[in-house]
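Contents: one structure, followed by commentary.
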Amino acid sequence: MRIATWNVNSIKQRVGHLVGFLEEAKPDVVCLQELKCQDAGMPRAEIEAAGYAVETLGQKAYNGVALLVRAPLQMSEIRRGLPGDEADEQARYIEAVITGEDATTGKAVAPLRVASIYLPNGNPVESPKYPYKLAFLERLRLHARALMAEETALVLAGDYNVIPEPEDAADPEAWRSDALFLPQSRAAFRRLLAEGFTDALRACDPRGGLYTFWDYQAGSWPRNQGIRIDHLLLSPQAADRLVSASVQKHLRGLEKPSDHVPVTVELAPA
DNA sequence: ATGCCAGCATGTTGCTGA
């Protein structure tokens with residue numbers, strides 16, 4: 001079972017790269033962020049033609065998240081929006097239970113719940129955007145705690161907009177006072193992890209220096225001035241099955257790339 | 001200290017992102 005997360009920075013601009021990734025990596029589940037379009041604008045036909053079912057929580061111009069599953073897998077118990085704030089209208093969370101047969105093995109997959117998350121950026125720190133970010137992280141922690149009580153495999157994947165540790169930035173000093181790296185942001189992320197999650201990429205490669213985002217500006221990509229902000233957090237039942245995790249770095253080098261690249265984990269059958 | 005780049009809106013510039 002291969003699960004990927006990717007902030008595509010506009011699905012309409014990136015559907016070609018996405019289909020290429022689906023054909024190349026053949027992920028079973030894909031969590032997308034920053035669709036930047038409403039549900040009606042989602043390029044479903046191209047994605048379905050590549051063999052995937054699509055569920056979205058879209059929004060005009062900003063945010064927007066989606067879940068894709070490779071046929072004949074299916075999604076059920078779809079939850080749109082993160083609980084805990086009825087007034088929150090930003091499209092940043094979609095969750096589903098994955099069921100059905102693995103296309104490769106033909107065997108029924110073990111119960112698995114997956115969420116695609118686009119955490120608020122939080123800058124500027126002096127604006128209401130920063131408390132919104134911290135509140136979102138706390139809402140996510142409380143919801144994650146409730147899901148954890150089911151004791152089934154759970155994967156919370158997405159763009160967390162949090163640099164967990166200094167080794168997750170090429171130049172940590174440049175991010176010192178940024179919402180992505182402030183001590184309060186990192187502490188809130190650690191509190192989420194402390195509910196019992198494993199940071200999959202960190203667990204597979206603790207050395208650091210792996211990045212998932214390079215700014216379009218200031219030559220960040222050619223200078224490898226990246227940061228690691230896209231994460232897959234695994235419940236114990238999922239972490240027990242963790243085989244490998246990898247960053248699809250080559251996609252940043254394509255024409256008209258997203259500023260993020262996919263991160264993928266491989267889970268063994270239960 | 002600011003803009004650098006990129007995408008979207010009802011636009012010829014402003015907002016947002018990270």
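Convention: sequence-line order gives letters A, B, ...; per-chain numbering from 1.
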Next on the checklist: Quick one, D28(A) with R2(A), criterion salt bridge (charged side-chain N to carboxylate O under 4.0 Å, His left out). Give me CA distance, side-chain angles, the key distance, then yes/no.
Outcome noted: CA-CA 5 Å; D28(A) 298 290; R2(A) 196 170 300 131; 5.7 Å; no
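With DNA chain B read from its 5' end, the first of the two nearest nucleotides for K256(A) and F213(A) is the one closest to K256(A). Residue order along DNA chain B, read from the 5' end via each residue's closest nucleotide, puts Y216(A) first among Y216(A) and L119(A).
Phosphate proximity of dT10(B) to K60(A): present, with a side-chain N or O under 4.0 Å from OP1 or OP2. A sub-4.0 Å separation between OP1 or OP2 of dC8(B) and a side-chain N or O of Q13(A) is present. A sub-4.0 Å separation between OP1 or OP2 of dT16(B) and a side-chain N or O of N9(A) is absent. Considering only side-chain N and O atoms, Y130(A) lies nowhere under 4.0 angstrom from the phosphate OP1 or OP2 of dA18(B). Phosphate contact (OP1/OP2 of dG17(B), side-chain N/O of K129(A), threshold under 4.0 Å): present. Residue S10(A) places no side-chain N or O under 4.0 Å from the OP1 or OP2 atom of dA6(B). Proximity of N121(A) to the phosphate of dG17(B): no side-chain N or O atom is located under 4.0 Å from OP1 or OP2.
Judged by distance alone, the side chain of T212(A) and the main-chain N or O of R228(A) form no donor-acceptor pair under 3.5 Å. Looking only at distances, a side-chain donor or acceptor of R139(A) sits under 3.5 Å from a matching main-chain atom of L82(A).
Checked for salt-bridge contact, R113(A) and E77(A) meet the test: a charged N lies under 4.0 Å from a carboxylate O.
One cannot find a donor-acceptor pair under 3.5 Å joining the base of dA18(B) and the side-chain atoms of D178(A).
Applying the Watson-Crick and G-U wobble criteria (two distances, each under 3.5 Å), dT2(B) pairs with nothing in any strand. Across the strands present, dT13(B) finds its partner in dA9(B); the criterion is a Watson-Crick or G-U wobble pair with both atom distances under 3.5 angstrom.
Counting any heavy atom pair closer than 4.0 Å across all strands shown, F181(A) reaches no nucleic acid atom. Among the protein residues, A61(A) comes within range of the sugar-phosphate backbone only, with heavy atoms under 4.0 Å from sugar or phosphate atoms but none that close to a base. Residue N63(A) is classed as having no contact, given no heavy-atom separation below 4.0 Å to the nucleic acid.
Under a cut-off of 6.0 angstrom, the local environment of CZ in R223(A) is crowded, with over 12 non-hydrogen atoms contributed by other residues, nucleotides or ligands.
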